Amino acid sequence: MAKNQNQFSDGNSQNQLYVPQPTARPDGFNDFSHLHIPDVEQSDRPAIDCSPHDMRDLAYGLIRVLDDDGKAKGNWNCGVEPQILLQGLKDMLLTRMFDERMQTMHRVGKISFYMKCTGEEAISVAHTAAINFEDMVFPSYRNQGILLARGYNLVDMMCQCLSNARDNCKGRQLPIMYSWKKGNFFSISGNLATQFSQAVGWAMAEAQQGGNRLATTFVGDGSTAELDFHSALNFAATYSPPVILNITNNQWAISSNQVIAGGEKTTFAARGIGFGLPSLRVDGNDFLAVYAATKWAAERARAGLGATLIEYFTYRVAPHSTSDDPSAYRPKNEEDLWPLGDPIERLKTHLINLNEWSEDQHNILIEKIKIKLKKSYKEAESYGTLKTGDRPDVTTMFEDVYEDMPLNLRRQRQEMGL
Amino acid sequence: MAQMNMLEAILSAQKTMLQRDDKVIILGEDVGYFGGVFRATEGLQAEFGTNRVFDTPISENGIVAAAIGMSINGLRPIAEIQFADYIYPAFDQIASEAAKLRYRSGGEYSTNITIRTPCGGGIRGGQTHSQSPEGIFTHVTGINVIMPSNPYDAKGLLISAIESNDPVIFFEPKRLYNGPFYGEPDKSSVGWDTHSKGEVPEGHYSIPFGQAAITRAGQELTIITYGTMVHVVETAVEMTGVDAEIIDLRSLAPIDYDSIINSVNKTGRCLVAHEATKTGGFGAEILSIVQENCFWKLRAPIERVAGWDIPYPHAFEWEYFPGPKRISNAINRIMEA
């Protein structure tokens, strides 16, 4: 043991605390050459009733379907209909352009805050394509692709970000903390990972009531360190409810690299192994791989075989939020050297290879989305912004704390003169 | 009517609700086969099955999170936290999630969970089995905080808690489970069979939140208290011979302003007693209500008797406990002022 500890010391001090560091900081260089990216054909696809014990390798490998040339290959290539892929491409593009539009609106002071999911679109969009609309989503804050893939109204999303008169959260939440009950999309919490264990409870209730829906939930690599993550895995292993537990490993939790969440010596998917959960590690920038892994987990859940843990390996191209500047803590060109590429480009290339898509069609689509976003934003702004125009009625500020307003709140509302 | 101790009343409330509403389920550590370490769920798994009454991993965070998730999927969960002292790992789920869900989602989502948890000392439980953390939760808007002092109230309030569409934390003063405790540990304990509130209907009834009970009417002094201290205060009042009015709050959030204000305006004197530590405790809130509403009727300074600001010490349990002597001293000070 002493020898192992010494490998982390500077040679002068025997007792220095080991604090892991990312491969590079702003003055350094990281081309990810230290990563081992397995070949597309390398991963086995087990039967859905496979014992977690017999598929442990999948927690350490990387399930991929699209190779570097945009060809679909390997055991996880499940022959997805082009229609689904085309819709996925549109939804990913819409997600990216929606983000860009809202980022711009933040820059010009129309909204107070925003969080983009650039480079991570395949995770939300392909996952959504592989489950049913009735399945219940317990999202994290970078899952806007799920809303868009489920067809949530763009104007409603924008109104939430604007905290205006039509904001369905009534001006109570930061932008992007959406809630869409009709879309089976749970209210986003700013407290990390709390949704992870709630999703397990929801799925327990589904099993308890003999239903056929499943719950799915997302957490980041950083917040796998939260208590809720471990409670969720424990309860999911104990009760085998129909739930998919998803980790978006985008490698950065604000300025903390995934090594600070304990990602240096093992994978996040491997967290599931100790709980006896089937655990998959997936190329998160590969639409087909995300789709195939989700399908596998969903089939398993619906067959009454319980939960699956999935880690999507990706890269957070965007800053953490509009309040963050990544150039303060990571190399500026890191995202360009990220070897798993851009999920939109990869699926686009694949569809062009299949003769299902073309550059021209792509450019036309971009123009169409631009117009749609512009039109939607114009309408959204007509319901007000945080600074100008209509806000939700201020008298509603005291509502919904309880089902019926207690006396202290009624008195405080009176005190405000409302 | 039947004779019940407080545990039997709590068991009866849960059984009544399991029978009436098939969405009601119970989860918690040891609550299933064994029926709970205090036996508050005894026999319920055998009667209603493991689908409705089941054991959980030792994870208070997981228990409350799962209960919230289950409620979102249409169930009405009762979660037992084995001791109130163990509730802290669940604090984020209670304070950030259950309490704020209705508000943050613009009313789209809400949770109806009931968290039952035994609290309070006087059972030689040491600092990890004796705490009264109600004041930590009364400061969280969005949850109801309840603490009954007798079997009749316990059943009626617990049924209200289970039927409520808001989250409720239901504190059960465990020293009262088997009988009223008058603050004199050396005297032989008495059961609920000699107390009028040990008479409990077997069927369904409920007591609304936000209504205090006047357990003793009086003209000279108002004593505001709840939980175990309701009975301890009775002893102190008898020791002093003062014609005191005792208010058992029962429900801390929402609180019954009118009962407090009307009584203090009548008597002109006020004492607040709770078992929890003093500084920043719920008693301070009661004092503030009295001061804001009754100042011109007050004839003496308001006093507080509470647990000392120390962890509950095992060997010095009765030195910590705000017993009849400390309360009667405070009553006398107020009357002499």
Side-chain angles (χ1 to χ4, degrees), chain A residues 136 138 160 167-173 177-182 186-191 193-211 213 215 217 226-228 230-232 234-235 237-239 241 243 392 396 399-404 406-409 411, chain B residues 22-23 25 27 50-52 54-75 77 89-90 92-93 95-113 141-144 164-167 209-210 253-258 289:
Chain A
M136 182 72 191
F138 285 80
Q160 195 284 329
D167 169 14
N168 73 320
C169 296
K170 303 182 187 172
R172 295 167 183 165
Q173 278 271 49
M177 302 284 181
Y178 306 105
S179 175
W180 187 34
K181 193 172 185 183
K182 282 182 183 160
F186 192 60
S187 153
I188 298 175
S189 175
N191 290 60
T194 49
Q195 71 282 357
F196 222 57
S197 39
Q198 291 164 356
V200 176
W202 189 99
M204 287 166 66
E206 188 67 9
Q208 196 264 7
Q209 297 172 100
R213 299 172 299 172
T217 183
E226 292 283 7
L227 177 60
D228 293 280
H230 299 270
S231 303
N234 191 352
F235 277 60
T238 303
Y239 302 106
V243 62
T396 63
E399 291 171 3
D400 298 324
V401 181
Y402 295 90
E403 185 175 39
D404 299 313
L407 195 58
N408 56 324
L409 292 184
R411 287 192 176 152
Chain B
D22 63 8
K23 300 298 181 193
I25 62 106
L27 73 164
T50 54
N51 215 29
R52 298 191 60 198
F54 57 88
D55 294 321
T56 61
I58 303 173
S59 168
E60 291 75 18
N61 159 271
I63 292 167
V64 174
I68 292 170
M70 293 176 97
S71 75
I72 301 306
N73 201 350
L75 297 182
D92 192 31
Q93 285 289 342
S96 310
E97 297 296 311
K100 297 186 173 68
L101 182 56
R102 186 190 293 281
Y103 193 76
R104 78 167 193 231
S105 67
E108 281 199 343
Y109 292 99
S110 59
T111 182
N112 57 31
I113 58 165
T141 192
I143 50 179
N144 295 304
S164 167
N165 290 327
D166 288 313
F209 293 169
I255 192 166
D256 181 349
Y257 291 94
D258 287 350
I289 292 168

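In what follows, chains are A, B, ... by sequence order, proteins preceding strands, each numbered from 1. From a predicted model like this one, the values you see are computed outputs, not experimental measurements.
- Two residues are said to be in side-chain contact when any heavy atoms from C-beta on lie closer than 4.5 Å; B:Thr56 and A:Phe235 meet this criterion.
- Heavy atoms of B:Ser110 lying under 4.5 Å from chain A are absent altogether.
- Contact of A:Ser189 with chain B is made through backbone and side chain together, with heavy-atom distances under 4.5 Å.
- Interface summary for chain B: among A:Met177, A:Glu206, A:Arg213, the most heavy-atom pairs under 4.5 angstrom belong to A:Glu206.
- In this structure, the portion of B:Ile68 lying under 4.5 Å from any heavy atom of chain A is its side chain and not its backbone.
- Among B:Gly69, B:Ala67, B:Gly107, the residue with the largest count of heavy-atom pairs under 4.5 Å with chain A is B:Gly69.
- Looking at A:Val401, the atoms closer than 4.5 Å to chain B (heavy atoms on both sides) sit in the backbone and in the side chain alike.
- Distance alone, capped at 3.5 Å, places no donor-acceptor pair between the B:Ser71 side chain and the B:Thr111 backbone.
- In this structure, the portions of A:Phe186 lying under 4.5 Å from any heavy atom of chain B include both its backbone and its side chain.
- Taking CG of B:Asp92 as the start and CG of B:Asn61 as the end, the distance is 7.5 Å to the nearest 0.5 Å.
- Contact count versus chain B (heavy atoms, under 4.5 Å) is highest, among A:Trp202, A:Tyr178, A:Trp180, A:Phe138, for A:Trp202.
- Using modelled atom types, no side-chain atom of A:Glu226 and backbone atom of A:Ala193 make a donor-acceptor pair closer than 3.5 Å.
- Neither the backbone nor the side chain of A:Gln160 has a heavy atom closer than 4.5 Å to any heavy atom of chain B.
- Heavy-atom distances place the side chain of A:Gln173, and not its backbone, under 4.5 Å from chain B.
- For a residue to count as touching a neighbouring chain, one of its non-hydrogen atoms must lie under 4.5 Å from one of that chain's; by this rule B:Gln93 touches chain A with the side chain only.
- When B:Tyr103, B:Phe54, B:Tyr257 are compared by the number of non-hydrogen pairs under 4.5 Å with chain A, B:Tyr103 comes out ahead.
- Contacts of B:Lys100 with chain A are absent, with no heavy-atom separation under 4.5 Å from either backbone or side chain.
- A salt bridge between B:Arg104 and B:Glu97 is present, with a side-chain N of the basic residue lying under 4.0 Å from a carboxylate O of the acidic one.
- When atom types are taken as modelled, the side chain of B:Tyr109 and the backbone of B:Arg102 share no donor-acceptor pair closer than 3.5 angstrom.
- Ranked by heavy-atom pairs under 4.5 Å with chain A, the first of B:Ile63, B:Asp22, B:Val64, B:Ile25 is B:Ile63.
- For a residue to count as touching a neighbouring chain, one of its non-hydrogen atoms must lie under 4.5 Å from one of that chain's; by this rule B:Phe209 does not touch chain A.
- Options A:Met136, A:His230, A:Gln209 differ in how many heavy-atom pairs under 4.5 Å they form with chain B, and the most are formed by A:Gln209.
- The residue among B:Ser96, B:Ala99, B:Pro57, B:Ala253 with the most heavy atom pairs within less than 4.5 Å of chain A is B:Pro57.
- Judged by distance alone, the side chains of A:Asp228 and A:Thr194 never bring a donor and an acceptor atom under 3.5 Å apart.
- Nearest heavy-atom pair across B:Asn73 and A:Ala205 is CB-CB, 3.7 Å.
- Side-chain contact check for A:Leu409 versus A:Tyr402: some heavy-atom pair is nearer than 4.5 Å.
- No donor-acceptor pair closer than 3.5 Å links the side chain of B:Asp166 to the backbone N or O of B:Ile143.
- Neither the backbone nor the side chain of B:Ser164 comes within contact range of chain A; no heavy atom of the residue lies under 4.5 Å from a heavy atom of that chain.
- Proximity of B:Pro77 to B:Asn112: side-chain heavy atoms (C-beta onward) are separated by under 4.5 Å at one or more points.
- Not one N or O on the side chain of A:Gln198 forms a donor-acceptor pair closer than 3.5 Å with the backbone of B:Ala65.
- Contacts between B:Pro167 and chain A at a heavy-atom distance below 4.5 Å are absent for every atom of the residue.
- Interface residue B:Asp55: only backbone heavy atoms are found under 4.5 Å from chain A.
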